[in-house]
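Read through the structure below, which is laid out as structure tokens, and then see the notes.
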Amino acid sequence: MNSNRLTNIMIPIFAVLLGILAGAIVMIVSGYDPIAGYSALLYGAFGDRYYIGETIRQVTPYILAGLAVAFAFRTGLFNIGVEGQLIVGWLAAVWVGVSFELPKFIHLPLAILAAAIAGALWAFIPGILKARFKVHEVIVTIMMNYIALHVSNAIIRSVLSDQGFKSEKIHASASLRSEFLQSITDYSTLHYGIIISLIGAVVMWFLLEKTTKGYELRAVGFNQHASHYAGMNVNRNIVLAMVISGAFAGVAGAMEGLGTFENISVKAGFTGVGFDGIAVALLGGNNAFGIIFAAILFGALKVGALEMPSSADVPTELVDIVIALIIFFVASSYLIRLVLNRFKKEGK
Amino acid sequence: MDFFNILEIIIPSAIFFAAPLIFTALGGVFSERSGVVNIGLEGLMVIGAFVGVVFNLTFADQFGDLTPWLAMLVAMVVASLFSLLHAVASISLRADQVVSGVAINFLALGLSLFLVKMMYGKGQTDQVEVGFDKIDIPILSKIPIIGPLFFSNGYIPSYIAIVLAFIVWYVIYKTPFGLRLRSVGEHPMAADTMGINVARMRYIAVMISGALAGIGGSIYATIISRDFSHATISGQGFMALAAMIFGKWHPLGAMGAALFFGFAQSLSIVGQAIPFLRDVPTVYLLIAPYVLTILALTGFIGRADAPKALGTPYIKGKR
């Protein structure tokens, strides 16, 4: 058991190291200097107060998106629809943010709640289809992503603006931004969302590990038939898991809408945050605290990458390659397990 | 504008938009029929589009009119090799097939944009100069009404796509290879007992899906977008996946669905020119393929059943 837990921690670490190594090889093969590249990346992520602020800002939605993917995963569901749930959450948060004028202590929670409900409803559809009709949630959530994208674009054009490309700025009473956080980070876009996402991680841990419902959700994830036999309502748990997962994703959208951008604009494509959430959840082992670490890593990679073209002449996309390879290595953990076991046997 | 004029606009453009979807969806049929989920179709199309455009730009002077065809072949080979990654991870290393597919999508986009920036110093390639020719199909285009609508002034790859759907149908339902492919996707253990090499069949299937998605991506880039950037392939792979499911994992069904989705896409683009469609907000046409796919899966449009062993790695000796 103990060595098993060790292997579980070793796999993501190995995967990250292999991913970074592979990134270095890609840089060498394409004629870039990997040391200059990675130094630029490191500087761009943590080099000074401004960069640290930007990195934390990027980590904020990553944590929540990762939690969303992981929560569904723990119940045996693959929610690829985090992206779409995030977009509708973003839309709902901004909608509430621009339409009402309320005191901050009501307005801000209301906007976040609206985002959570929107995300939850968007995830309810694949959940209920899975429970009632046994339709695979992966396909439905992918389709729901595109529906979310096009529908929210249409709403931004026709409802939130007059055939324009973005909504108005949200009222200050719904904003997560803070002068204080901006001033200590050299006017980055850092906002209070990071606190909400850390609370989110605690909520997920508590729900799954410390409540009866969480035990049921995990049981369904381990073995649907056994849970059914033990008298649990599998279908209801599937819908519940999707709804909670969607709520996390919706709140991730609220972070963008109320903090980072303070509005919503028509999107030509996906934000990518929802898909990156899959990587975050996988690397974090679908564990609330693992996800925080994974989100910090990916957030730092994404923000640090922006520094690479100017100081090391390396295209930012190198980081996407590294992230993709990390997912590959985590997914193919069978290989890493095999190697680790081989070493263990030889060690004896 | 009468009804016939409207059809004259819509139908050729539907076939035009459908061709890349048909190729890619047929690729999906191969992979999923063998039991391997292929969410990576999107990424494989990206690779195809990238290779197709870069080859076309680089060799247009040497090969002249042949360029797009050679570009298509090269894109096919490269995407097929790229799909090996998905095959190795999901077949040999027992990775979660969906996760591996997601990784393929990330990697394809990251890698191709990385290379574009490296080679051209900007995030977008130049426009492709040499495209595919348009032809009138002999004899068939002379048929009144149907001829001008379906068989005139179309791109050759569109016609190849439709013919290919029938070939794929024949291969999957009428040949021993197709029978083995399907058996591996339905009940790999039984297939193994009968002496079929499950892993080998699945490798072949995934590589065919890579090849066809590569063709799909390259003709999309050559005919429709004419250059390569981060937004060139934005969802066509997933739409092809949707077409395959909407077509119930059947080659001809997938082709029909792809044509229908192409129709919806062309309506959303040319719809502005058509009187009674001008008032329909484009958003309905944009989301139609996705909504229909969900409805199809739910069983409102006939039941769609996936291959039984879809998504599960086959481990010898494990019940």
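Here is the naming used below: chain letters follow the sequence lines, and residue numbers restart at 1 for every chain.
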Contacting region of V314(A) [heavy-atom separation from chain B under 4.5 Å]:
side chain
Structural part of Y32(A) lying under 4.5 Å from a heavy atom of chain B
side chain
Flag if over 12 foreign heavy atoms under 6.0 Å of OH, Y120(B)
yes
Given a strict heavy-atom distance threshold of 4.5 Å, which part of T293(B) is in contact with chain A: side chain, backbone, both, or neither?
side chain
I'd like to know whether I294(B) forms a side chain to side chain contact (heavy atoms under 4.5 Å, CB included) with I147(A), so could you lay out the CA-CA distance, the side-chain angles of the two residues, the decisive distance to 0.1 Å, and finally the verdict.
CA-CA 11 Å; I294(B) 293 176; I147(A) 300 174; 4.0 Å; yes
So what's closer than 4.5 Å to chain B heavy atoms on A268(A): side chain, backbone, both or neither?
neither
Out of A108(B), G123(B), G311(B), A95(B), return the one with the most heavy atom pairs under 4.5 angstrom to chain A.
A95(B)
Report, as yes or no, whether the 6.0 Å neighbourhood of atom CZ on F14(A) holds more than 12 heavy atoms from other residues, nucleotides or ligands.
no
Cut-off 4.5 Å, heavy atoms of chain B, and the answer for V138(A) is side chain
Of the backbone (N, CA, C, O) and the side chain (C-beta and beyond), which part of V291(B) lies under 4.5 Å from a heavy atom of chain A, both, or neither?
both
Between atom CG of D96(B) and atom CZ of F78(A), what is the distance when rounded to the nearest 0.5 Å?
6.0 Å
Minimum heavy-atom separation for I321(A) to G110(B), with atom names?
CG1-C, 3.7 Å
With a 4.5 angstrom heavy-atom cut-off, could you sort out which part of L318(A) is near chain B: side chain, backbone, both or neither?
both
Kindly compute the distance separating CD1 (I80(A)) from CG (N105(B)), expressed to the nearest 0.5 Å.
8.5 Å
Atom group of A231(B) that falls short of 4.5 Å from chain A, counting heavy atoms:
neither
Close side-chain approach of V283(B) and N153(A), heavy atoms under 4.5 Å:
no
Can you see which heavy atom on M143(A) is nearest to which on F238(B), and at what distance?
CE-O, 4.0 Å
Tell me whether the count of non-hydrogen atoms from other residues, nucleotides or ligands lying under 6.0 Å of CZ in F270(A) goes above 12.
yes
In short, V135(A) meets T298(B) closest at the heavy-atom pair CG2-CA, 3.8 Å
Name the region of I326(A), side chain, backbone, both or neither, that has any atom closer than 4.5 Å to a heavy atom of chain B.
neither
Can you tell me which portion of L85(B) sits under 4.5 Å from chain A's heavy atoms? Options are side chain, backbone, both or neither.
both
Where on S92(B) is there a heavy atom nearer than 4.5 Å to chain A: the side chain, the backbone, both, or neither?
backbone
Would you give the length of the straight line joining atom NE2 of H136(A) to atom CD1 of I245(B), rounded to the nearest 0.5 angstrom?
10.0 Å
Heavy-atom closest pair, residues I287(B) and H150(A)
CG2-CB, 3.6 Å
Run the side chain to side chain contact (heavy atoms under 4.5 Å, CB included) test on D276(A) and F106(B) for me, step by step, so that the C-alpha distance in whole Å, both residues' side-chain angles and the decisive distance to 0.1 Å come before the verdict.
CA-CA 9 Å; D276(A) 290 341; F106(B) 273 117; 3.2 Å; yes
Can you say whether I39(B) sits under 4.5 Å from chain A via the side chain, the backbone, both, or neither, judging by heavy atoms?
side chain
If you count heavy atoms of other groups shown closer than 6.0 angstrom to NZ of K267(A), is the number above 12?
yes
Show your working on side chain to side chain contact (heavy atoms under 4.5 Å, CB included) between D320(A) and F114(B) and close with a plain yes or no.
CA-CA 9 Å; D320(A) 297 322; F114(B) 180 83; over 6 Å; no
By a 4.5 Å heavy-atom criterion (distance strictly below it), what part of V102(B) contacts chain A: side chain, backbone, both, or neither?
side chain
